[in-house]
Number of protein chains: 2
Amino acid sequence: MARRQASLQRAQDDDAPVGDLEGLLGYNLKRAYVILRNDFRDALGEDGFAPRVFSALSLIVQYPDITQSELARVLGIERSGLVAIVDDLEARRLVQRKPVPGDRRVQALAPTAAGIAAYDTARAAVQAHEAARLSNFTKAEQETLMQLLRKIRAVED
Amino acid sequence: MARRQASLQRAQDDDAPVGDLEGLLGYNLKRAYVILRNDFRDALGEDGFAPRVFSALSLIVQYPDITQSELARVLGIERSGLVAIVDDLEARRLVQRKPVPGDRRVQALAPTAAGIAAYDTARAAVQAHEAARLSNFTKAEQETLMQLLRKIRAVED
């Protein structure tokens, strides 16, 4: 047993792949995502926005009068899940649902002044934490990583 | 409203960043991770291993006699969470807990023959799905993506 444990230890010390898992994209994505998710929580605090609530608010602030259907599509989540997020944002008075003239089945979403302010504060905190996390990346590496991650998404569309 | 909606639509058609979110690493990681997680489920089926159970089994198969503490450390998860995973694997008779001579507080983990067979089947299925997902990536792009994802993790260590 001692020999096997030693080889596991050495593999990690050398920053060498730990067997099969390190060769899997899903594993590497998960590990990196967990770090960024924890950073996000640190940035916004215990009572801060959950990532998907932040994402929804971001789009509502940037694209006022976006509909729930559009929001669900852009975020790639189920419409049912989105309704709960919008309910949350509306309860906090950060977002308002508004009727769309000529289509009573649809409601448009608009940020309140408090919603815009809360978003700006949260965005700045998240951006600062990401910049710190990526401090050992060159600008080119950051851009390459983003492009390759988007390329994964492009295949599904 | 029509104008704003048109600009959102155009931004997506052009594959241009949809505002602030596309500039955030956390957002891009999450989107890519969700795709790979869904691929993983498709690969293993409804009753297949959850990702973290698969990861634990992978390490137990590759490093027999690994301890629970080591496993938790390598996987970057809490020891309490790991115990539930090992309980699950043991209940399915894929893994056995074994006493460690000279240290009664510690138990080593070893795969059963069924555990090794189940892992080999699952690994092949996951690898095949990942290869399909990355079919539009060059080998160099795949390697660059993996390296940059590991680099994020390296900062935390």
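Sequence lines set the chain letters: A, B, ... in the order given, protein chains first and strands last, and positions in each chain run from 1.
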N/O donor-acceptor pair under 3.5 Å between A:Q62 side chain and A:S58 backbone: yes

Under 3.5 Å donor-acceptor, A:Q68 side chain and A:V83 backbone: no

Among the listed options B:L149, B:L29, B:L145, B:L25, the residue most often paired with chain A at heavy-atom distances under 4.5 Å: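 The residue among B:L149, B:L29, B:L145, B:L25 with the greatest pair count is B:L25.
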
Heavy-atom distances under 4.5 Å only: say whether [X] touches chain A with side chain, backbone, both or neither.
X: B:S55; result: both
X: B:L75; result: both
X: B:L36; result: side chain
X: B:R123; result: side chain

Residues forming a ring pair (Phe, Tyr, Trp, His ring centres under 6.0 Å) with A:F40, sequence neighbours excluded: A:F54

Side-chain ion pair, B:E22 and A:R150, N-O less than 4.0 Å: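 Judged by the 4.0 Å cut-off on N to carboxylate O distance, B:E22 and A:R150 do form a salt bridge.
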
Part of A:E141 within contact of chain B (heavy atom distance under 4.5 Å): both

Donor on one side chain, acceptor on other, A:D20 and A:Y27, under 3.5 Å: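 The answer is no; no qualifying pair exists.
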
